[in-house]
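Keep in mind that the numbers below use all heavy atoms, side chains included, and drop hydrogens, waters and symmetry copies. Every chain is numbered from 1 and lettered A, B, ... according to where its sequence line falls, protein lines coming before strand lines.
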2 protein chains.
Amino acid sequence: MKTHMGRLEKSNLSDDVTERLVEMIRSGVYQPGDRLPAIMEMARSFGVGHPTLREALKKLEAIGIVEIKHGSGVYVKGGQDVLLVSNPVYGKAISKKLMIDLIDARIPIEVKAVGLAATEGTDAQLEGLKHLLEEAEANMDNDVVLSATNMSFHREIAVASGNAVLAQLQEVLTNLFQLEQRMILGIYGSREGDHKEHVGILEALQQRDAELAESRMQSHLEGVRDVLRRWDPKQNPIS
Amino acid sequence: MKTHMGRLEKSNLSDDVTERLVEMIRSGVYQPGDRLPAIMEMARSFGVGHPTLREALKKLEAIGIVEIKHGSGVYVKGGQDVLLVSNPVYGKAISKKLMIDLIDARIPIEVKAVGLAATEGTDAQLEGLKHLLEEAEANMDNDVVLSATNMSFHREIAVASGNAVLAQLQEVLTNLFQLEQRMILGIYGSREGDHKEHVGILEALQQRDAELAESRMQSHLEGVRDVLRRWDPKQNPIS
DNA sequence: TGCTTCGACTGATAATATCAATTTAGAGAG
DNA sequence: CTCTCTAAATTGATATTATCAGTCGAAGCA
């Protein structure tokens, strides 16, 4: 075990630098969107070689905290107010069971969130949900926009719940396998049916009826679950 | 945009190598526990310099897929199925509302998980839960061990649910503000009361009664919520 | 047989040089 | 004056070489 000061718990220089950068971002020295000093400059000020500094940055990039742009600079991406981040490099094949597990996990979270949104959501938030549904309706033929809008609808409900943890869980779960979810729902789902259910959920929210909102969200997501169950990975493989 | 074959979607060599290594692990060329070839050897066979290879490995290390041991080698760790991680640069102060939000988010997740565990859990898994409760009972005076054991109890229930997403959500939520949760429950909670409730939950699981398990978990976590509500941040500040 | 030491293997770091991508500044034309 | 284009500066990316640091296994000794 190393006994040098500052190296007590870490086994190498690049991980030390990683930690120091994490602490600087955590403490607010750098904010999301900020550009870090140039790599050579940071290497000098940390007193390490630039390959060591690059290794540290690659670690931070791997978990989404920074973004390294060739010729431009290194930018802070993650924020101090985010509790969870989704793993950018999922290393196993995506199975049907995993997709089912995902929707099974989303159901209790989103049912809870919509019930809270019915009582806690502000009028402005409900108005925002209404705009999203209007946008969805105007883009029934545009798969990309429609899918993104529908995901925003779910996400904004969680925000309207007023529960910070639920909102962030929703954010992370929405981002997981986003393309895959879109593909499956695109093949097997019904856009109009989805939209009608979303409208029904919004109406329950507008009536401030938590039980009705929960019931409708449950039905909606169970419908999504049924769609996912119909996915044939052999016939429509992902990636 | 690069047009070289194999570089179409990636902007640099080290990220290419990262992807190739992930694919080798994903496809089973290397299994958890396997040792990868030496860094210099891999650099030669991938046709890159060794700092480039090291950058790729640092990325994989950052997300738990490999472990790099100085002087020993690089080992596959099995983190390739991690869906989400907690944010290392989270920097906001812990508030009472956040602790309440956290338990409010845990309730639907853990109620769902325990219901699934009642039907899906293996006998061996239920046996493991029983051992945990025995360990908890033997350590009622040891705050650290008791707290860790109780957290493992909750975590293993999520594992017994057979839902990979729920298990990982539980893992992450359990680890969030772990010390803080332990401190508050230590001041305001009842060890014996907690333990009795855990025993009741296990009995419901052993009876394979999903509804009873859910009901008991709900009551248990609402009790935890009540404890958290009694926390006075002014009188017992955290860190 | 168990412990210690040494050598080989492996990872870690730095320096230097060169290449690649982006940004900025200046000049020229309309 | 504004816009476009080009060149230079800045910044990131990679490779090579040399040296240092940690681990592991084998051999030797008690």
Are A:E55 and A:K58 close enough for a salt bridge, meaning some N to O gap below 4.0 Å? no
Would you mind checking if B:K97 and B:D101 are paired as a salt bridge, meaning a charged N to carboxylate O distance below 4.0 Å? yes
Regarding the side chain of B:N12, the nearest nucleotide among C:dA14, D:dA13, D:dG12 is D:dA13
Among A:I103, A:L173, A:I100, find the residue that satisfies the side chain to side chain contact (heavy atoms under 4.5 Å, CB included) test when tested with B:V165. A:L173
For B:K58 and D:dA13, what is the distance between atoms NZ and P respectively, to the nearest whole Å? 17 Å
Please report the distance, rounded to the nearest Å, between NZ in B:K59 and C1' in D:dA13. 13 Å
Between the base of D:dT14 and the side chain of A:H70, is there any donor-acceptor pair under 3.5 Å? no
Using OP1 and OP2 only, check whether a side-chain N or O of B:T52 sits under 4.0 Å from D:dA15. yes
Using side-chain heavy atoms (C-beta onward) and a distance below 4.5 Å, is A:L102 in contact with A:Q181? yes
What are the atom names and distances for every N/O pair under 3.5 Å that joins the protein to nucleotides 5-10 of chain D?
none

Quick one about B:S27 and B:E23 (side-chain donor to acceptor, distance below 3.5 Å, no hydrogens or angles considered), yes or no? no
Rounded to whole Å, please give me the gap between CD in B:E41 and C1' in C:dA8. 15 Å
Could you state the CE-P distance from A:M40 to C:dA20, rounded to the nearest angstrom? 18 Å
Per atom distances to the A:R54 side chain, the nearest of C:dT13, C:dG11, D:dA13 is D:dA13
Any idea how B:Y90 and B:F177 line up, ring-wise: parallel (<30°), tilted (30 to 60°), or perpendicular (>60°)? tilted
Between B:S72 and C:dT10, is there a contact of a side-chain N or O with OP1 or OP2 at under 4.0 Å? no
A:V74 and A:E67, any side-chain heavy atoms less than 4.5 Å apart: no
Specify the separation, in whole Å, of atom NZ of B:K69 and atom P of D:dT23. 10 Å
Given C:dA12, D:dA15, D:dG12, which nucleotide is nearest the side-chain atoms of A:V74? D:dG12
5'-most by nearest nucleotide on DNA chain C - A:L53 or B:M42: B:M42
From C-beta outward on A:I39, which listed nucleotide comes closest to its side chain: C:dA15, C:dA12, D:dA13? D:dA13
Tell me the interatomic distance from B:L36, atom CG, to C:dC9, atom P, rounded to whole angstroms. 20 Å
Given DNA chain C, 5'-ward residue of the pair A:H50 and A:E55, judged by closest heavy atom: A:E55
